[in-house]
Amino acid sequence: MSPAAPATPSKPVIPPAPEVPGWEHVSSGKVRDVYRPAAGGDWDGKDVLLVVASDRISAYDHILSTEIPDKGKVLTALSAWWFAQLADVVPNHLVSMDVPQQVAGRAMICERLDMYPVECVARGYLTGSGLVEYRAGGEVCGVALPGGLTEASRLPRPVFTPAAKAELGDHDENVSLDRVKEMIGDRPAAALRELTIRLYSRAAEIARERGILLADTKFEFGTDASGRIVLGDEVLTPDSSRFWPASEWVPGEVTPSFDKQFVRDWLTEESGWDRHGDAEPPALPAEVVERTRARYLEAYERLTGSPLAL
């Protein structure tokens with residue numbers, strides 16, 4: 001008898017995208033739904049997309065059945081705020097926030113880009129998968145780091161640790177700069193590395209002024225019709241970044257984050273769910289939902305200096 005084939009991880013089940021007048025649904029990810037202009041609509045003939053941030057939340061490659069109220073609004077408003085702060089570093093894909101009422105506050109109209117297949121990750125502190133890789137070989141994505149570093153150690157300088165984008169439901173793969181050069185060419189790879197470090201350094205300075213440490217973050221870039229590199233996707237949100245309260249940072253210890261850590265902790269420590277099994281995660285209790293929502297809103301308010309208008 002032949003041995004059984006290894007189980008193939010199931011793809012996340014994404015709820016149906018809502019209908020939006022003047023737009024046709026194109027695709028959906030774990031959090032966002034993407035639309036193109038419908039024939040006869042206000043944006044018909046324009047090379048743009050409507051990107052809608054839902055209130056969905058994912059953990060361990062699963063989309064949870066419980067949503068986090070106002071999460072989509074936080075992601076959209078914070079991305080728009082950061083695009084404005086960083087506009088002098090690199091152009092971005094935001095065209096307009098004037099969107100249909102059905103998705104107001106959680107959607108933006110964006111320039112369509114030819115996206116690079118690379119997650120451009122910058123790290124200023126050592127944690128997460130970077131720490132695992134460092135402990136295994138003293139480097140992250142081919143970048144050698146000093147000895148003696150530990151959880152939450154501040155790096156001597158920010159490092160570019162890219163990842164190759166994976167299919168929905170799979171893990172992105174950490175890769176070296178040389179691998180990125182093979183994927184997209186030497187000059188684009190060098191440009192993405194430079195832009196990533198510049199964006200991270202500017203954002204980390206802004207966050208630090210507000211009592212927040214930007215441990216790491218990821219950017220996504222594409223090219224427009226003229227071949228210019230443009231910043232796309234979301235930017236510097238709790239979904240794409242590790243924001244730490246500076247007052248709670250202690251090298252050698254895990255630092256609490258302004259993100260979905262409450263969700264991860266409940267799933268792995270309290271719910272009884274086996275993240276390595278076949279069962280879907282259970283619904284989140286009201287307390288975890290509210291604490292997670294409050295954390296996202298706090299991140300927005302501390303970074304921008306104003307509460308989010310809901």
### Query
Is it true that atom CG of Asp88 has more than 12 heavy atoms of other residues, nucleotides or ligands lying nearer than 6.0 Å?
yes
### Task
Kindly indicate, with the supporting measurements, whether the criterion salt bridge (Lys or Arg N to Asp or Glu O under 4.0 Å) is fulfilled by Arg106 and Asp55.
CA-CA 9 Å; Arg106 56 189 184 91; Asp55 290 338; 5.9 Å; no
#### Entry: Val263, Leu284, Val288 screened by side-chain contact (heavy atoms from CB on, under 4.5 Å) with Thr66, the one that passes
Leu284
### Query
What about Val90 and Ile197, same hydrophobic cluster or not, with Ile/Leu/Val/Met/Phe/Trp/Tyr joined at side-chain heavy-atom distances under 4.5 Å?
no
### Query
Which of parallel (below 30°), tilted (30 to 60°) and perpendicular (above 60°) describes Trp43 and Trp23?
tilted
### Task
Would you please indicate yes or no on a ring centroid separation below 6.0 angstrom for Phe83 and His93?
yes
### Query
Is there a path from Val51 to Val95 through hydrophobic residues (I, L, V, M, F, W, Y) whose side chains come within less than 4.5 Å of each other?
no
### Query
Ring centroid separation for Trp244 and Phe258, is it under 6.0 angstrom?
no
### Minimal non-hydrogen separation, Asp259 against Arg264, with atom names
OD2-NH1, 3.7 Å
### Query
Does any N or O in the side chain of Tyr35 come within less than 3.5 Å of the main-chain N or O of Leu49, such that one atom is a donor and the other an acceptor?
no
### Task
Measure the acute angle between the ring planes of Trp82 and Phe243, then classify it against the limits of 30° and 60° as parallel, tilted or perpendicular.
parallel
### Test side-chain contact (heavy atoms from CB on, under 4.5 Å) applied to Lys165 and Glu173, Met183, Met115, the passing residue
Met115
### Message
Determine whether the aromatic ring centres of residues Trp249 and Tyr125 are separated by less than 6.0 angstrom.
### Response
yes
### Tyr116 (side chain) donor-acceptor with Pro188 (main chain) under 3.5 angstrom
no
### Leu177 with Val159, same ILVMFWY side-chain cluster at under 4.5 Å
no
### Task
Examine distances only and state if a side-chain atom of Ser271 and a backbone atom of Leu267 form a donor-acceptor pair shorter than 3.5 Å.
yes
### Task
Over all heavy atoms of both residues, which pair between Ser241 and Thr217 is shortest? Give the atoms and the distance, please.
OG-OG1, 2.6 Å
## Note on the structure
In terms of heavy-atom contacts, Val48 and Pro37 come closest through O-CD, 3.3 Å
### Task
Using distance alone, with no hydrogens and no angle criterion, decide if Glu280 and Ser65 have a side-chain donor and acceptor under 3.5 Å apart.
no
### Query
Between the side chains of Ser129 and Arg123, does any donor sit under 3.5 Å from an acceptor?
yes
### Message
Taking Leu310's backbone N and O only, do any of them form a donor-acceptor pair with Lys73's side chain (distance below 3.5 Å, no angle check)?
### Response
no
